[in-house]
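Take a look at the structure below.
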Amino acid sequence: MHQSPDGAKFERHLGRKKHQTEEDQYWEAGVLISELETIDTNKAFSALRKRISNQSKLSIGWLRFSRIAAILIIPLFLYTIWHQIDDKFGTKNLSYQEISNPSGVRSKITLPDGSNVWLNAESTIRYAIPFVRRTREVELHGEAYFDVSKNPSSPLEVKFNQLTVRVLGTQFNVKSFSDDNLVEVVLKEGSIVLDNNRKGILKEQIYMKPNQRWVLNKTTHISALNDVDADQYIAWHKNKLVLNKTSMADLAKMLERWYGVKVSIKDQDLYKNKFTTVFDNEPLYRVIELLELSSPIRMTYIPGTLNKETGETEKSTVEITNQ
């Protein structure tokens, strides 16, 4: 390290032998005092302050850089780790939650992200735990009404019948029963994208707007997108059974799912009948009464019986005949 001449003189005096006579010590002290008086203290102090200031600026600059780097690097680091874990263990070490409703039962489910799902009778919903990842994936068999919590960083995907509905936050209904010939999606609020899941059922993505209904005929593979009153198709989640020019075959399926009964249509000419009405949380006996009053049919309720061999109770039956 470079040292000033004044400092060198000072060190030479300090480095002298300690074993001196009292007279020599007095003389030594006098010399030190005289030499200290020759040091430019103002100049030395200015140099010291400048040096401290430069070090402080460097420390403050480094501290600011460290904070900015932490703000940028830590989230990137966590994001990278999350994706590495998700890519490595994404589908292998997940557990799944599955909820199923038998016929005659409807339920409301709250997903881990706060989204609400109304699950219709004879329907099943399945999703992975943890739920909120790069996407929130749900598998559906049957019918469900979704009220989705918004999360721009994790779209919700509902997979059904080799198709996928992709949303960020909205309200919509999906109906996809294995024994139904039609698959339908109805949008109440927001916007959704309908896309292929595995097979190329769709030629291109379909973007839906509120009060639109997309329907697919599974036999002909013909699909259509139309403007509708969405409330008519989602009323079931409020316990309203809506019939709008509903065929006898569709009515039979609706009653079976809604009330957990078997419907037996005895006469072939009954299939020509169509029904238009709304049942607001009505019991089955009341539905039978009103349908008989408003149409030329007779509906007979036959209670279920206990099967002695299996120990199970067979479903009750509603037989429909001409009046």
Side-chain angles (χ1 to χ4, degrees), residues 98-109 117-125 140-145 173-184 186 213 215 218-219 228-323:
E98 183 173 294
I99 301 169
S100 297
N101 286 344
S103 58
V105 176
R106 293 170 296 282
S107 61
K108 180 182 177 182
I109 304 160
V117 181
W118 285 261
L119 191 64
N120 208 342
E122 296 184 6
S123 302
T124 299
I125 191 172
L140 173 67
H141 300 276
E143 185 171 19
Y145 177 74
N173 193 81
V174 176
K175 185 178 181 182
S176 178
F177 289 99
S178 59
D179 57 346
D180 283 2
N181 191 43
L182 297 181
V183 176
E184 70 175 36
V186 178
R213 175 179 180 249
V215 60
K218 292 192 291 186
T219 301
V228 297
D229 178 8
D231 289 335
Q232 172 186 331
Y233 297 91
I234 66 174
W236 67 265
H237 87 283
K238 295 183 178 180
N239 291 321
K240 292 183 179 181
L241 185 61
V242 178
L243 308 180
N244 184 17
K245 297 181 180 179
T246 302
S247 68
M248 175 61 77
D250 288 339
L251 173 63
K253 286 183 179 180
M254 293 174 73
L255 293 178
E256 287 180 342
R257 290 171 182 156
W258 199 268
Y259 295 103
V261 297
K262 289 176 59 178
V263 176
S264 176
I265 302 171
K266 295 299 184 180
D267 300 314
Q268 288 296 315
D269 61 342
L270 290 171
Y271 285 98
K272 65 182 181 182
N273 291 299
K274 294 184 181 297
F275 306 87
T276 299
T277 188
V278 177
F279 299 109
D280 190 354
N281 202 26
E282 298 284 357
L284 179 58
Y285 78 87
R286 182 63 176 162
V287 171
I288 291 174
E289 289 178 356
L290 294 173
L291 286 175
E292 286 183 335
L293 288 173
S294 60
S295 58
I297 62 173
R298 180 178 298 280
M299 304 179 72
T300 305
Y301 176 77
I302 304 172
T305 58
L306 178 65
N307 188 320
K308 295 182 180 179
E309 294 181 359
T310 63
E312 297 179 355
T313 302
E314 296 180 353
K315 287 184 177 181
S316 300
T317 302
V318 175
E319 289 188 350
I320 303 178
T321 60
N322 283 310
Q323 283 187 353

Looking only at heavy atoms, which two atoms of Ala121 and Gly104 are closest? And how far apart? CB-N, 3.7 Å
Nearest 0.5 Å, please: how far is CD in Glu312 from CG in Leu306? 9.5 Å
Can you list the steps and then say if Gln232 with Asn244 is a side chain to side chain contact (heavy atoms under 4.5 Å, CB included)? CA-CA 8 Å; Gln232 172 186 331; Asn244 184 17; 3.0 Å; yes
I need the single residue from Asp250, Val263, Ile288 that forms a side chain to side chain contact (heavy atoms under 4.5 Å, CB included) with Leu255. Which is it? Val263
Indicate yes or no for a side-chain donor-acceptor contact from Gln323 to the backbone of Ile297 under 3.5 Å, with no hydrogens or angles considered. yes
Can any side-chain N or O of Asn101 pair as donor or acceptor with the backbone N or O of Leu119 at less than 3.5 Å? yes
Quick one: side-chain hydrogen bond (donor to acceptor under 3.5 Å, both in side chains) partners of Ser294, sequence neighbours excluded? none
So with a 6.0 Å cut-off around OH of Tyr301, is the heavy-atom count from everything else above 12? yes
Output the distance between atom CD1 (Ile320) and atom OG (Ser264), rounded to the nearest 0.5 Å. 8.5 Å
Mind running salt bridge (charged side-chain N to carboxylate O under 4.0 Å, His left out) on Lys175 and Glu184 for me, showing each step along the way? CA-CA 5 Å; Lys175 185 178 181 182; Glu184 70 175 36; 5.1 Å; no
Side chains of Phe275 and Ser247: closer than 4.5 Å at any heavy-atom pair? no
Rounded to the nearest 0.5 Å, how far does OG of Ser316 lie from CD1 of Ile302? 9.5 Å
NZ (Lys108) and CH2 (Trp118) are apart, to the nearest 0.5 Å, by 4.5 Å
SB check Arg257 Asp179 (cutoff 4.0 Å): yes
How close do Lys253 and Asp180 get, heavy atom to heavy atom, and via which atoms? NZ-OD1, 3.2 Å
Is it the case that more than 12 heavy atoms not belonging to Lys238 sit under 6.0 Å from its NZ atom? no
Would you say Thr276 and Thr246 make side-chain contact, with heavy atoms under 4.5 Å? no
Which pair of heavy atoms, one from Ala144 and one from Asn173, lies closest together, and at what distance? O-OD1, 3.3 Å
Qualifying residues under salt bridge (Lys or Arg N to Asp or Glu O under 4.0 Å), relative to Glu289, sequence neighbours excluded: Arg286
Step by step, would you call Trp236 with Glu143 a side chain to side chain contact (heavy atoms under 4.5 Å, CB included)? CA-CA 10 Å; Trp236 67 265; Glu143 185 171 19; 3.1 Å; yes
So CG of Asn307 and CD of Glu314: to nearest 0.5 Å the spacing works out to 5.0 Å
Heavy-atom distance under 4.5 Å between the side chains of Met248 and Ile265, does that happen here? yes
Between Thr321 and Asp267, do the side chains contain a donor N or O and an acceptor N or O under 3.5 Å apart? no
Inter-residue atom distance Tyr271.OH - Leu251.CG, 0.5 Å rounding: 11.0 Å
Given Ser103, which of Lys262, Lys315, Glu256 fulfils the side chain to side chain donor-acceptor pair (under 3.5 Å) condition? Lys315
Phe279 vs Leu291 side-chain heavy atoms within contact, under 4.5 Å: yes
The test is side chain to side chain contact (heavy atoms under 4.5 Å, CB included); show your working for Leu243 and Val278 and say whether it passes. CA-CA 6 Å; Leu243 308 180; Val278 177; over 6 Å; no
For the residue pair Ile109 and Ile125, establish whether any side-chain heavy-atom pair is separated by less than 4.5 Å. yes
Flag side-chain contact, heavy atom, 4.5 Å: Thr124 against Ile99: no
Can you name the closest pair of heavy atoms from Gly304 and Thr313 and give their distance? C-CG2, 4.5 Å
I'd like to know if the side chain of Ser123 reaches the main chain of Asn120, judged simply by a donor and an acceptor atom lying under 3.5 Å from each other, with no hydrogens or angles considered. yes
Answer yes or no on whether Arg106 is positioned over the face of Tyr145, meaning its NZ or CZ is under 6.0 Å from the six-membered ring centre and within 45° of the axis. no
Contact check, side chains of Ile234 and Asp231, non-hydrogen atoms, under 4.5 Å: yes
Taking side chain as C-beta onward, heavy atoms only, is Leu182 less than 4.5 Å from Lys218? no
Decide side chain to side chain contact (heavy atoms under 4.5 Å, CB included) for Val261 and Leu284; before the verdict, give the C-alpha distance in whole Å, the side-chain angles of both, and the deciding distance to 0.1 Å. CA-CA 10 Å; Val261 297; Leu284 179 58; 3.9 Å; yes
